[in-house]
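What follows is a short report on a single structure.
All of these numbers come straight from a predicted model, not from anything done at the bench. Residues: numbered from 1 along the sequence shown. In what follows, every heavy atom counts, from backbone to side chain, and hydrogens, waters and symmetry copies are set aside.
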Amino acid sequence: MTSSSKRKEESHLLNGGVKQSTWSKAFSSNAVWEEKDEFLDVIYWLRQIIAVILGVIWGVAPLKGFLGIAIFCIINAGVLYVYFSSFQQIDEEEYGGTWELTKEGFMTSFALFLVVWIIFYTALHFD
């Protein structure tokens, strides 16, 4: 029996045979993901949440230019990398490798970040 299937069986027994919700699994360490798409959806939506939060912070703090974009990219990729490699401790190869998980939903979160950043910055720091 592989370690992945062992974890699934142990998790199923610990829950009393009840299926956990996606968000309860997202915030519990070493959760078992039966479907790959379910975990990828969590990665996608966590990126969107990070994008909105950082966009608001960057807009309120008068941050401008390339520095703001670079810091966003580092924080966004870093937080998600720590999430899936240390907190969830998933096997990256099951999902196509570390790079595939790191870029999952990145461009849409980047676009959302820019929109939120521009809106808040324009609203609060007009001349």
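- Under the ring pair (Phe, Tyr, Trp, His ring centres under 6.0 Å) criterion, Tyr95 pairs with Phe39, not counting sequence neighbours.
- Applying the side chain to side chain contact (heavy atoms under 4.5 Å, CB included) criterion to Glu38, with sequence neighbours excluded, gives Lys19, Thr22, Lys25, Trp33, Glu34, Glu35.
- Expressed to the nearest 0.5 Å, how far CZ of Phe84 lies from OG1 of Thr98 amounts to 5.5 Å.
- Qualifying side chain to side chain contact (heavy atoms under 4.5 Å, CB included) partners for Lys103, counting only residues two or more places apart in sequence or in other chains: Trp99, Glu100.
- Of the inter-residue distances, the one linking Tyr44 atom OH with Ile49 atom CD1 reads 11.5 Å to the nearest 0.5 angstrom.
- A continuous path of Ile, Leu, Val, Met, Phe, Trp and Tyr side chains, each step under 4.5 Å between heavy atoms, connects Phe110 with Leu40, placing both in one hydrophobic cluster.
- Not counting sequence neighbours, Phe106 has no partner by the ring pair (Phe, Tyr, Trp, His ring centres under 6.0 Å) test.
- Checked against side-chain hydrogen bond (donor to acceptor under 3.5 Å, both in side chains), Ser24 has the following partners two or more places apart in sequence or in another chain: Ser21.
- Residues Trp117 and Tyr121 keep their aromatic ring centres 6.0 Å or farther apart.
- Interatomic distance, Phe113 CZ to Ile75 CD1, rounded to the nearest 0.5 Å: 9.0 Å.
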Taking distance alone, no hydrogens or angles, what donor-acceptor pairs closer than 3.5 Å link side-chain atoms of residues 76-83 to residues at least two apart or in another chain?
{"unit_1": "Asn76", "atom_1": "OD1", "unit_2": "Arg47", "atom_2": "NH1", "d": "2.3"}
{"unit_1": "Asn76", "atom_1": "ND2", "unit_2": "Ser109", "atom_2": "OG", "d": "3.2"}
{"unit_1": "Tyr83", "atom_1": "OH", "unit_2": "Ala26", "atom_2": "O", "d": "2.7"}
{"unit_1": "Tyr83", "atom_1": "OH", "unit_2": "Gln88", "atom_2": "NE2", "d": "3.1"}

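- Under the 4.5 Å side-chain heavy-atom criterion for Ile, Leu, Val, Met, Phe, Trp and Tyr, Ile71 and Leu114 are members of the same hydrophobic cluster.
- Hydrophobic clustering (side-chain heavy atoms under 4.5 Å, transitive across Ile, Leu, Val, Met, Phe, Trp, Tyr) groups Ile90 together with Val42.
- Scanning all heavy atoms of the two residues, the minimum distance from Glu92 to Leu101 falls at CG-CD1, 4.0 Å.
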List, one per line, each side-chain donor-acceptor pair under 3.5 Å for residues 50-70, sequence neighbours excluded.
{"unit_1": "Trp58", "atom_1": "NE1", "unit_2": "Gly68", "atom_2": "O", "d": "2.8"}

